[in-house]
Every structure is written in C-alpha cells, then in structure tokens.
**Student:** 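Structure provided below as structure tokens; questions to follow.
Counting from 1, the numbers follow the sequence of the chain as shown.
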Amino acid sequence: MKKQNHPFHLVDPSPWPLTGSISAMTLTSGMIMWFHMKNHYLMMLGMLIMILTMIQWWRDIIREGTYQGKHTIMVTKGLKWGMILFIISEIFFFISFFWGFFHSSLAPNVEIGMTWPPKGIKTFNPMEIPLLNTTILLSSGITITWAHHSIMNKNHNQTVQGLFMTVMLGIYFTMLQAYEYMESPFTISDSVYGSCFFMATGFHGLHVIIGTTFLAVCLIRTMKFHFSSKHHFGFEAAAWYWHFVDVVWLFLYISIYWWGS
C-alpha cells in the first residue's frame with residue numbers, strides 16, 4: 001500500500017519478537033544452569049540479548065510515534081486500553097501475593113507456632129526505613145503529577161524538573177530497599193513469612209526499577225522535545241504505571257510492614 005486510507009497502524013516486519021523469545025528461552029535456561037550448576041554465563045547472555053532487544057524495539061516504537069506519525073488518535077486510544085489492561089493484570093499479580101500473605105497470617109497453623117509473625121522471626125520496625133520509603137513514594141507521586149500538569153500546560157522546564165525529581169526519588173527508594181535487604185534479620189527461606197515478605201516486596205522493588213527506567217526514558221525524550229501538550233502518551237503511560245506502583249506500596253506497607261509485624 002502506497003497510501004493508507006485508515007487511521008490504524010499496520011506494524012512493519014520486525015526481528016525483535018524473535019530475538020525477544022530467544023532471549024527469554026536463553027535467560028530461563030541460564031537461570032536453571034545457575035541454580036543447579038552454579039554457572040551464570042548463559043543467564044547473563046540471555047539478559048544481554050533481552051536488554052538489547054528491548055532498547056531496539058522501544059527505539060522503533062519511539063520512531064513510529066514521534067517521527068513517522070503512525071500513532072494516530074485511534075492508535076493512541078488502542079495503546080491506552082492496552083496499558084489499562086496491562087495494569088489490571090499487574091494488580092491481579094500482586095493480589096496473589098496478598099492472598100498468600102493473609103491466608104497464612106489470619107489463621108497461622110501449628111507448624112509456625114500458631115502465631116504471626118512466626119516464632120523466631122524478628123520483623124522490621126515499620127516506623128524506620130519502611131516509613132521513609134512510603135514518604136519517598138508519596139512524594140514521587142506528587143512530582144510526577146506536577147510534571148504531568150506542566151506538560152499539559154506547555155511548561156517544558158517544570159516538566160523536566162518534575163520528571164528528574166521523580167527519577168531521583170525512585171533511585172533513592174531502590175537504594176534504601178537494597179540496604180534494608182542487606183540488613184534483614186531473616187531470609188526468604190525463613191518460613192512462610194520470609195517467602196511472603198521477599199516475594200511481595202521484591203517484585204514491588206522490581207516494578208520500581210522498571211518504572212524508574214520508564215520515567216528516565218521519558219525524561220530523555222522530554223529533553224529532546226518528543227512530547228507536546230496534546231501528544232504525550234508515552235509519558236502518560238509511565239505516569240499511570242508509577243501511580244500503580246505507589247498504591248501497591250501503600251497496601252504493602254499497611255499490611256506487611258505495619259499490621260503484619
């Protein structure tokens with residue numbers, strides 16, 4: 001077709017789905033080798049292929065939306081629904097962790113001493129690093145909202161400032177959580193409490209890293225003037241994702257750190 005008479009985006013042939021599937025297979029196989037044979041080279045190769053695939057795939061999408069004009073109003077509407085459905089799937093992903101936590105904590109069985117937290121587990125003080133991390137994420141929710149309002153009001157400098165502060169707060173949160181893990185008095189193998197704690201907070205930490213990367217890319221794109229007040233869905237999707245990460249942390253803090261301790 002030399003000329004399309006519809007608003008939809010027919011995706012061009014791309015090698016990235018193939019290299020992405022190869023990287024996923026290599027990464028999972030490498031993780032098995034790491035667990036059983038203490039050899040991490042295949043896992044690192046899979047990680048490298050996956051990172052390179054993501055960089056080049058997302059580069060192509062940025063080109064389509066920013067320079068080639070393929071992200072029409074209809075395409076953007078589809079992308080918005082895709083992001084909404086993705087976040088809903090992520091909500092159910094975390095619901096499974098909360099389900100496991102409350103299943104074990106509301107009716108602790110005899111194997112863990114019929115108490116919660118289980119006997120021998122020394123929990124974190126919710127008024128120390130967890131409370132600081134809560135303040136950091138709530139502050140980042142304010143700064144990302146500030147950046148969103150600034151981009152809609154065509155205030156480029158404040159958009160950059162708001163995004164930069166959000167990225168810095170995300171990095172600060174990750175550093176504090178890493179410190180908390182290093183100082184933890186229990187491990188993931190310490191009864192069901194350790195499993196629930198590290199699975200829920202660990203996956204949330206992974207989502208913070210992903211969200212911070214997402215926002216850092218948006219910061220670079222903002223500095224290159226990729227967004228306008230009417231066309232900035234890449235930024236909007238990152239903001240939605242970050243607000244989701246904020247809300248999940250509030251539930252984690254209240255249920256696991258405060259009530260569960």
**Student:** Quick check: closest heavy atoms across S104 and I112, and the distance to 0.1 Å?
**Tutor:**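 The answer is O-CD1, 4.5 Å.
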**Student:** Do the rings of F225 and H156 sit parallel, tilted or perpendicular, given the 30° and 60° boundaries?
**Tutor:**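 F225 vs H156 ring planes: parallel.
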**Student:** Check for a donor-acceptor pair, side chain of S29 on one end and backbone N or O of T26 on the other, with a separation under 3.5 Å.
**Tutor:**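 No.
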**Student:** Judged by atom type as modelled, is there a donor-acceptor pair below 3.5 Å linking the side chain of S195 to the main-chain atoms of I188?
**Tutor:**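 Yes.
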**Student:** Can you tell me how far apart CG (L163) and CD (Q161) are? Round to the nearest 0.5 Å.
**Tutor:**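 Answer for the CG-CD pair, L163 versus Q161, is 10.5 Å.
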**Student:** Relative to each other, are the rings of H71 and H231 parallel, tilted or perpendicular (30° and 60° limits)?
**Tutor:**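 Plane angle between 30° and 60°, so tilted.
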**Student:** Please indicate whether H103 has more than 12 foreign heavy atoms, meaning atoms of other residues, nucleotides or ligands, lying under 6.0 Å from its NE2.
**Tutor:**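 Counting other residues, nucleotides and ligands, NE2 of H103 stays at 12 neighbours or fewer.
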**Student:** Kindly compute the distance separating CG (L131) from CD1 (I136), expressed to the nearest 0.5 Å.
**Tutor:**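 Atom-to-atom, L131:CG and I136:CD1 are 10.0 Å apart.
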**Student:** Is the distance from the ring center of W81 to that of F86 below 6.0 Å?
**Tutor:**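 Centroid distance W81-F86: not below 6.0 Å, so no.
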**Student:** For I73, I'd like to know if atom CD1 has over 12 heavy atoms of other residues, nucleotides or ligands within 6.0 Å.
**Tutor:**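 No.
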**Student:** Does the side chain of V75 reach to within under 4.5 Å of the side chain of E64, using non-hydrogen atoms?
**Tutor:**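 V75 vs E64: side chains apart.
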**Student:** Using the ring of each side chain (for Trp, its six-membered ring), is H207 parallel, tilted or perpendicular to Y241, with breaks at 30° and 60°?
**Tutor:**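 The rings of H207 and Y241 lie parallel, inter-plane angle below 30°.
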**Student:** Write down the atom of G170, the atom of V208, and the distance for their closest heavy-atom approach.
**Tutor:**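 Heavy-atom minimum between the residues: O-CG1, 3.9 Å.
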**Student:** Pair F227, T66 - check side chain to side chain contact (heavy atoms under 4.5 Å, CB included), show working.
**Tutor:** CA-CA 8 Å; F227 299 128; T66 308; over 6 Å; no
**Student:** Under the side chain to side chain contact (heavy atoms under 4.5 Å, CB included) criterion, do L138 and L250 qualify, and how do the steps go?
**Tutor:** CA-CA 9 Å; L138 288 176; L250 286 176; 4.1 Å; yes
**Student:** Locate the shortest heavy-atom distance separating L215 from A238; write the atom from each residue and the value.
**Tutor:**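 Heavy atoms of L215 and A238 come nearest at CD2-CB, 3.7 Å.
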**Student:** Around M47, counting heavy atoms of other residues, nucleotides and ligands shown, do more than 12 lie under 6.0 Å from its CE?
**Tutor:**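 Counting neighbours around CE of M47, 12 or fewer heavy atoms of other residues, nucleotides or ligands fall under 6.0 Å, so no.
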**Student:** Heavy-atom count check: over 12 atoms from other residues, nucleotides or ligands less than 6.0 Å from W58 CH2?
**Tutor:**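 Open.
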**Student:** Quick check: does any side chain N or O of S184 sit under 3.5 Å from a backbone N or O of E180, one acting as donor and the other as acceptor?
**Tutor:**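 No.
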**Student:** State, without any angle test, whether T19 and T53 hold a side-chain donor-acceptor pair at a distance under 3.5 Å.
**Tutor:**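 Yes.
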**Student:** Should I171 and M165 be regarded as members of a common hydrophobic cluster, given that ILVMFWY residues are connected when their side-chain heavy atoms come within less than 4.5 Å of each other, either directly or indirectly?
**Tutor:**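 No, I171 and M165 fall in different hydrophobic clusters.
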**Student:** Report the C-alpha separation of I144 and F235 in whole Å, then their side-chain angles, then the decisive distance to 0.1 Å, and conclude whether the side chain to side chain contact (heavy atoms under 4.5 Å, CB included) test is met.
**Tutor:** CA-CA 10 Å; I144 192 69; F235 171 84; 4.0 Å; yes
**Student:** Would you check if the side chain of Q56 reaches a backbone N or O of L52 as a donor-acceptor pair within less than 3.5 Å?
**Tutor:**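 It does hold such a pair.
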**Student:** Would you indicate whether the side-chain heavy atoms of H232 and H148 approach each other to under 4.5 Å?
**Tutor:**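 Of all side-chain heavy-atom pairs linking H232 with H148, at least one is under 4.5 Å.
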**Student:** Contact between Y172 and M168 at the side-chain level, heavy atoms closer than 4.5 Å - yes or no?
**Tutor:**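 Heavy-atom side-chain distance check fails, nothing below 4.5 Å.
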**Student:** Transitively linked via ILVMFWY side-chain contacts under 4.5 Å: I256 with W258?
**Tutor:**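 Same hydrophobic cluster.
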**Student:** I'd like to know whether CZ of F94 has more than 12 heavy-atom contacts from other residues, nucleotides or ligands below 6.0 angstrom.
**Tutor:**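 Count over threshold, so yes.
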**Student:** Show the nearest heavy-atom pair for residues F244 and I91, with the distance to one decimal.
**Tutor:**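 Shortest heavy-atom contact: CE1-CG1, 3.7 Å.
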**Student:** Find out if a path of hydrophobic residues (ILVMFWY) with successive side-chain heavy-atom gaps under 4.5 Å connects M175 to F203.
**Tutor:**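 Same hydrophobic cluster.
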**Student:** Go through K70 and D12 one step at a time and tell me if the salt bridge (Lys or Arg N to Asp or Glu O under 4.0 Å) criterion holds.
**Tutor:** CA-CA 11 Å; K70 292 184 176 181; D12 296 327; 2.9 Å; yes
**Student:** Backbone N or O of I151 within a donor-acceptor pair of the T159 side chain at under 3.5 Å?
**Tutor:**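 Side chain of T159 to backbone of I151: a pair is present.
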**Student:** Is it possible for you to say whether M114 and Y193 belong to one hydrophobic cluster, with membership spreading through side-chain heavy-atom contacts below 4.5 Å?
**Tutor:**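 Each belongs to a different hydrophobic cluster.
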**Student:** Indicate whether any N or O donor in one side chain lies under 3.5 Å from an N or O acceptor in the other, for W146 and Q158.
**Tutor:**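 Yes, because at least one side-chain N or O of W146 sits under 3.5 Å from a partner of the opposite role on Q158.
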**Student:** Mind checking whether F97 and F197 have side chains closer than 4.5 Å, heavy atoms only?
**Tutor:**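 They are not in contact (no side-chain heavy atoms under 4.5 Å apart), so the answer is no.
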**Student:** Determine whether W242 and F214 satisfy the following criterion, ring-ring contact (aromatic ring centres under 6.0 Å, His included), listing intermediate values before the conclusion.
**Tutor:** CA-CA 9 Å; W242 196 253; F214 202 169; 9.9 Å; no
**Student:** Report yes if the side chains of M43 and M33 come closer than 4.5 Å at any heavy-atom pair, otherwise no.
**Tutor:**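 A side-chain contact under 4.5 Å is absent here.
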**Student:** State, without any angle test, whether T123 and Y257 hold a side-chain donor-acceptor pair at a distance under 3.5 Å.
**Tutor:**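 Y257 and T123 do not have a side-chain donor-acceptor pair below 3.5 Å.
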**Student:** Is the CE atom of M223 crowded by more than 12 outside heavy atoms at less than 6.0 Å?
**Tutor:**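 Counting other residues, nucleotides and ligands, CE of M223 stays at 12 neighbours or fewer.
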**Student:** Can you find a pair of side-chain heavy atoms, one from T212 and one from I210, that are under 4.5 Å apart?
**Tutor:**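 Counting from C-beta outward, T212 and I210 never come under 4.5 Å.
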**Student:** Does the gap between the ring centers of Y253 and H204 come in under 6.0 Å?
**Tutor:**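 No - the distance between ring centres of Y253 and H204 does not fall below the 6.0 Å cut-off.
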**Student:** Just to verify, which of F186, F101, F124 counts as forming a ring pair (Phe, Tyr, Trp, His ring centres under 6.0 Å) with F198?
**Tutor:**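 One option only clears the test, and that one is F186.
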**Student:** Tell me yes or no: between the side chains of D60 and W16, is some donor less than 3.5 Å from an acceptor?
**Tutor:**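 Side chains of D60 and W16: pair found under 3.5 Å.
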**Student:** Locate the shortest heavy-atom distance separating G234 from R221; write the atom from each residue and the value.
**Tutor:**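 In this case the closest contact between G234 and R221 is CA-NH1, 4.4 Å.
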**Student:** With a 4.5 Å heavy-atom cut-off, do H9 and T72 have their side chains touching?
**Tutor:**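 With C-beta onward as the side chain, the pair stays apart.
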**Student:** Should we say atom CE of M37 is surrounded by more than 12 heavy atoms from elsewhere, each under 6.0 Å from it?
**Tutor:**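 Not more than 12 within 6.0 Å, no.
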**Student:** Counting only N and O atoms by type, is there a donor-acceptor contact under 3.5 Å from the side chain of S229 to the main-chain atoms of N153?
**Tutor:**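 Absent.
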**Student:** Side-chain heavy atoms under 4.5 angstrom apart, residues restricted to Ile, Leu, Val, Met, Phe, Trp, Tyr: same cluster for F233 and I88?
**Tutor:**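 Yes, F233 connects to I88 through the hydrophobic network.
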**Student:** Parallel, tilted or perpendicular: which one describes the rings of F98 and F251, with boundaries at 30° and 60°?
**Tutor:**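 Ring orientation, 0 to 90° scale: perpendicular.
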**Student:** Could you measure the distance from the NZ atom of K230 to the OG1 atom of T76? Nearest 0.5 Å is fine.
**Tutor:**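 Nearest 0.5 Å value for the NZ-OG1 distance: 13.5 Å.
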**Student:** Check step by step if side chain to side chain contact (heavy atoms under 4.5 Å, CB included) holds for F164 and V167.
**Tutor:** CA-CA 5 Å; F164 178 77; V167 170; 5.8 Å; no
**Student:** Would you say W34 has more than 12 foreign heavy atoms packed within less than 6.0 Å of its CH2?
**Tutor:**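 Not buried by this count: 12 neighbours or fewer within 6.0 Å.
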**Student:** Do I62 and H226 have side chains that get closer than 4.5 Å, going by heavy atoms?
**Tutor:**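 Contact flag for I62/H226 side chains = yes.
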**Student:** Can you see which heavy atom on V245 is nearest to which on L137, and at what distance?
**Tutor:**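 V245 and L137 have their closest heavy atoms at O-CD1, 4.4 Å.
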**Student:** Is the closest side-chain donor-acceptor distance between S140 and T166 under 3.5 Å?
**Tutor:**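 Absent: no donor and acceptor within the cut-off.
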**Student:** For side-chain hydrogen bond (donor to acceptor under 3.5 Å, both in side chains), just list the numbers for T134 and W249, CA-CA rounded to whole Å, side-chain angles, deciding distance to a tenth of an Å, and then say yes or no.
**Tutor:** CA-CA 7 Å; T134 303; W249 175 258; 2.9 Å; yes
